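The structure appears right after this line, and notes come after that.
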Amino acid sequence: MRGMKAFVVKLVLLVALAGAAALTHGLIAPFRLEPAPAERTVITLPPPPNAPVEGSNAGDRTDGGDTAEAQTPEPATPATGTGTGTGTGTDAAEPRELVLDETEIDLETARLLFDAGAADFIDARIAEEYEAGHILGAMHITPDMIRSGVPAAVDFLSADRPIVVYCGGGDCHDSHLVAERLQSLFGFTRTHVFTGGYPEWTAAGLPVGTGPDPIAELR
Amino acid sequence: MPTQTARGWSAVSLVARVLLGQVFVLAALNKLVDPQAFAASIDGFQMTGLRIGTNDAAVRSMALFLPWMELIAALALICGFWTRAAALAIVAMLAAFSYGLWSAAIDRGLALDCGCFGDLKGFCRGEVGVCNLVQNGVLAGLGVIALVIGGGRASADALFVREPASDPAADDEIDFG
């Protein structure tokens, strides 16, 4: 009985020691699970096309609602979603400005960046999901890939250009983790997270690609 | 004089302790150098109460506590210090990890990264599956050996045990903690 009591005490002490070490570790070297606030970026968007949106270069979009609204040449309101500041410009024919001042962006902002070719898109989902379908032109970087080394796609990113990371939307958190890693490990301070992710993108009928990422196979 | 049997069991314990301990030291250090990555692995298991975004504090705590528990228990096991308590801690962790693996990868069919050894893949490559469960089973077997035999003679525990010189048979019965 006394032996059992001593055994339990030893076990509790081991656990307590681990707890104390973890607590100390957390206090000395806290780590982030979320990306830091992204660096503010102002992007000049090309003037919206004069032609109605149905004839735009939006690829195989199937849902006209969201797209049509976004493409309509309304002055001064290029986007209204999270992460987007206000657009400037008084005429439909004038270039507009898109201000990225929040880390998380919504579909509208992601679409504007995509249409303007003003950002690099990163898909943070697993390879099978990426190959089945991804935002057209998106590169593939998962948390696991970063854990295993420097993903080849990192060489194709620029610190001066916004990066939009997305995953499966909903409670998927890999986009936040990849964004944090791109910021902290590689210094890409203009990294944003498209919270709606791939489901929202496809639901809006926006352009997608399929197959493996050729860049990911370089390394 | 220790009997042949006692020496044999001590050797078995030593091999089991060192094998299991070094695996866990390696696993723990790989997680401790990048706790954020381990937090991501924990999140990948999609367990209630351990999701980034909703239970950040719990995920952070686990991402630090588990590797430290692994490291401390593994070092104790290698040294043969509080051998049985350390072995039980490791076997309990392996049981918990195995349940998590089974629940996430096999029961719920999630495609996930194990994170068992940080960025090292251990003996199993690719996504989590039966291989990881077998791997954990083998490691738990080593833990059970250490748990049953104790530290044996080549252990720190043995230093704190006074052997009864008058009873040679006691060599086989000594509790090394």
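Remember, predicted model here, so these are calculated numbers, not experimental data. Naming convention: chains lettered A, B, ... in sequence-line order (proteins, then strands); numbering from 1 in each chain.
- With a 4.5 angstrom heavy-atom cutoff, B:A63 touches chain A only via side-chain atoms.
- Ranked by heavy-atom pairs under 4.5 Å with chain A, the list B:E70, B:M69, B:R60 is led by B:R60.
- When all heavy atoms are compared, the tightest approach of A:F7 to B:A85 is CE1-N, 3.4 Å.
- Between B:W82 and the choices A:L11, A:V9, A:L14, the side-chain contact (heavy atoms from CB on, under 4.5 Å) rule is met once, by A:L14.
- Neither the backbone nor the side chain of A:E129 comes within less than 4.5 Å of any heavy atom in chain B.
- For B:N136, the side chain to side chain donor-acceptor pair (under 3.5 Å) partners at least two apart in sequence or on another chain are B:S98.
- Applying the salt bridge (charged side-chain N to carboxylate O under 4.0 Å, His left out) rule to A:R161 yields the partners A:D120; only residues at least two apart in sequence or on another chain are considered.
- Counting only heavy atoms from C-beta outward, the side chains of B:D34 and A:R181 approach each other to under 4.5 Å.
- To the nearest 0.5 Å, atom CG of residue B:D157 and atom NZ of residue A:K10 are 6.0 Å apart.
- Here CG of A:L33 is found 5.0 Å from CG of B:D56. Values are rounded to the nearest 0.5 Å.
- For A:R32 (side chain) and B:Q36 (main-chain N/O), no donor-acceptor pair under 3.5 Å exists by modelled atom type.
- Heavy atoms closer than 4.5 Å to chain A are found nowhere in B:A73, neither backbone nor side chain.
- Within the 4.5 angstrom heavy-atom criterion, no atom of B:L71 approaches chain A.
- With a threshold of 4.5 angstrom between heavy atoms, A:V12 does not approach chain B through any atom at all.
- Minimum interatomic distance between B:W68 and A:A18 (heavy atoms only, all atoms of both residues): CB-O, 3.8 Å.
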